[in-house]
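Notes for the one structure printed next.
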Amino acid sequence: MVEIPLELTQKCVKCALCKSVCPTYPYIQEEAGYARGRLVLAEMLLSGELKDEEAYKHLDQCAMCRRCEWVCPNGVEYKEIVATVRNTQEKSFVKSAGLKSLELLQSEVGRKVVKLTGKLMEKLPFEEVKVPFPTGAVKFMPKPDGKAFSLRGKTFRAEQEKGVLLFFTGCMIDAFYSKTGENVIKLMNSAGWTMVVPEDIKCCGAPHYYSGDKEAFERLKEHNLKEMEKYQFDAVVVACPTCGGALQEDYGLKKKVYDFAELLFESNLTFKGKGTKTTFHVPCHSYSAMKVSDKVFYGLLKKVEGDQLIKGEKDKSCCGFAGLFSITNPKLSKSIQQEKIEDLKKTGAEVVITSCPGCVLNLRDGTKANKTNQKVMHLADYLADCL
């Protein structure tokens, strides 16, 4: 029997405020479809009072966006409780394969395969490939990048250096969006920061932690901390809030972890737009895990002269990706994604901007599938174009 500390489970006073922000509840419409009910199930499963696969199924339907933590008046540590109970669950083949693929991706062989595949696919006249999954999910996935992992082991110096940042690139930027990584470096160099990219960083382990594979998370964390110790730096910077959340909350780092937008917001950089109508999707983990205020993103975007920024009514709603969630819960993910796409369409924006590579993937999938003709860009790519 696995137990969780009473102070964790008893913090929930069953106020149901979490119901109002849960992305899955509107499509499940039952008590086990949002945090309050899932916490009860989690406690019963961990105590041994309940041994029901249906209960685990309800926990698997959680996107782990952690919006419930964001609004919780009592500070219930939902992530810790659900991750603990998921650690007692036997993983499905799809989930196990997905988590293993992230480790394989960052292996020596995996990096070579991704880069070679990217080079072979470089001249294909499209950015995404329609991929079917065994769970019934069908998604437009980014092509592997021919320049994958090209930033690794390099130092990019600023002309007038104010400090050194260790850039934790993350799996998606490494393998699929290397241009975004280049643009993060370009922006931070322009703001006076020298950027160091470690040679052998692995996956941050957040997908493993959220899925309940704490053993794999600890293994990845130990490797990454040893690799980071090889470098001299003042702080860590990320362009993926899920990576940032893991580093900030679970790595025990003594150095501060920044979303790159936080440092740009404080800089004196100016940006010139092209008269484009834009809107911004605020990634869930940027405010629920990293605790970055959306005022940072909107304040930064308002520095872009000439462009028209239109705020969506549901700018902070979940996009439906949540990593493996979109593969293991395809119908639920699509419903959440559809709500987001409808809100983006209402803005009339030509360009949808976000600061999470996972959200970029899922929003591109949604806009492409719904033929909205809206371009989706990572914030770093957008700002670099306007620098």
Side-chain angles (χ1 to χ4, degrees), residues 23 59-60 62-70 77-87 89 91 94-107 110 166-177 180-181 198 201-228 236-253 255 257-260 282-292 318-329 333 354-362 378:
L59 292 177
D60 280 340
C62 173
M64 292 297 276
C65 64
R66 299 173 60 188
R67 286 164 56 81
C68 51
E69 292 183 21
W70 169 54
E77 295 179 49
Y78 181 80
K79 170 191 137 186
E80 297 303 323
I81 297 168
V82 174
T84 300
V85 73
R86 283 180 171 179
N87 199 40
Q89 179 187 13
K91 305 292 181 292
V94 172
K95 186 171 281 191
S96 297
L99 294 174
K100 201 66 185 173
S101 69
L102 289 173
E103 294 188 64
L104 182 60
L105 177 76
Q106 293 283 9
S107 68
L166 184 143
F167 183 20
F168 196 101
T169 44
C171 297
M172 294 199 68
I173 286 177
D174 277 337
F176 304 111
Y177 301 129
T180 299
I201 284 291
K202 306 288 188 187
C203 173
C204 69
H208 304 77
Y209 196 107
Y210 284 126
S211 297
D213 192 347
K214 291 192 176 183
E215 184 181 340
F217 170 77
E218 290 298 332
R219 184 172 64 249
L220 291 165
K221 170 185 166 182
E222 183 181 2
H223 172 90
N224 289 336
L225 286 173
K226 283 182 180 177
E227 177 66 15
M228 293 165 77
V236 179
V237 69
V238 297
C240 170
T242 301
C243 290
L247 294 171
Q248 188 169 281
E249 294 178 326
D250 305 309
Y251 269 56
L253 292 173
K255 302 287 177 71
V257 180
Y258 289 99
D259 186 296
F260 80 101
V282 187
C284 299
H285 284 173
S286 64
Y287 57 90
S288 67
M290 288 198 74
K291 308 295 188 293
V292 178
C318 180
C319 75
F321 181 56
L324 287 172
F325 170 82
S326 65
I327 307 303
T328 57
N329 294 276
S333 173
T354 187
S355 57
C356 169
C359 294
V360 169
L361 183 157
N362 208 50
H378 192 284

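Quick note: residue numbers are just sequence positions, from 1.
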Measuring from [X]:[atom1] to [Y]:[atom2], what's the distance to the nearest 0.5 Å?
X      : Y      : atom1 : atom2 : answer
Glu69  : Tyr287 : CD    : OH    : 11.5 Å
Cys318 : Arg66  : SG    : CZ    : 13.5 Å
Phe325 : Cys62  : CZ    : SG    : 8.0 Å
Glu80  : Asp250 : CD    : CG    : 6.0 Å
Thr242 : Phe321 : OG1   : CZ    : 9.0 Å
Lys91  : Asp213 : NZ    : CG    : 5.5 Å

4.5 Å side-chain heavy-atom contact, [X] and [Y]:
X      : Y      : result
His208 : Lys221 : no
Cys203 : Leu105 : no
Asp60  : Gln89  : yes
Lys79  : Glu249 : yes
His378 : Pro357 : yes

- prompt: Of all residues at least two apart in sequence or in a different chain, which pass the side-chain hydrogen bond (donor to acceptor under 3.5 Å, both in side chains) check with Ser355?
  reply: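 Partners of Ser355 by the side-chain hydrogen bond (donor to acceptor under 3.5 Å, both in side chains) criterion come out as none, since no residue qualifies.
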- request: Kindly write out the residues that satisfy side-chain hydrogen bond (donor to acceptor under 3.5 Å, both in side chains) with Asp174, not counting sequence neighbours, or none if the list is empty.
  value: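 Per chain and number, Asp174 pairs via side-chain hydrogen bond (donor to acceptor under 3.5 Å, both in side chains) with Gln106, Arg152, Thr169.
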Do the side chain of [X] and the main chain of [Y] share a donor and acceptor less than 3.5 angstrom apart?
X      : Y      : result
Ser288 : Cys65  : yes
Ser333 : Asn329 : no
His285 : Met64  : yes

Using every non-hydrogen atom in the two residues, find where [X] and [Y] come nearest and quote the distance to one decimal.
X      : Y      : value
Pro283 : Ser286 : O-OG, 2.6 Å
Leu220 : Gly205 : CD1-CA, 3.7 Å
Ala322 : Ala63  : CB-O, 3.3 Å
Gly320 : Asn362 : C-ND2, 3.6 Å
Met228 : Leu166 : CE-CD2, 4.1 Å

- request: Quick one: list whatever passes side-chain contact (heavy atoms from CB on, under 4.5 Å) with Ala83, sequence neighbours left out.
  value: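 Per chain and number, Ala83 pairs via side-chain contact (heavy atoms from CB on, under 4.5 Å) with Tyr209, Lys214.
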- request: Apply side-chain contact (heavy atoms from CB on, under 4.5 Å) to Asn224 and list each qualifying residue two or more places apart in sequence or on a separate chain.
  value: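 Testing Asn224 for side-chain contact (heavy atoms from CB on, under 4.5 Å), a comparison that skips the adjacent residues, returns Phe168, Ile201, Lys202, Tyr251.
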message: More than 12 heavy atoms of other residues, nucleotides or ligands under 6.0 Å from NZ of Lys100: yes or no?
response: no
Sole residue of Leu324, Leu104, Val94 in side-chain contact (heavy atoms from CB on, under 4.5 Å) with Leu99: Leu324
message: Considering only residues two or more places apart or on different chains, which pairs with a residue in residues 236-247 satisfy salt bridge (Lys or Arg N to Asp or Glu O under 4.0 Å)?
response: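 Listed once each, the pairs would be none.
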task: For Tyr78, enumerate each residue passing the ring pair (Phe, Tyr, Trp, His ring centres under 6.0 Å) test, keeping only those at least two apart in sequence or located in another chain.
output: none
- request: List the steps, then state whether side-chain hydrogen bond (donor to acceptor under 3.5 Å, both in side chains) holds for Arg86 with Tyr210.
  value: CA-CA 8 Å; Arg86 283 180 171 179; Tyr210 284 126; over 6 Å; no
message: Under the criterion side chain to side chain contact (heavy atoms under 4.5 Å, CB included), I'd like the reasoning laid out for Leu247 against Met290: C-alpha separation, chi angles, the key distance, then a yes or no.
response: CA-CA 9 Å; Leu247 294 171; Met290 288 198 74; over 6 Å; no
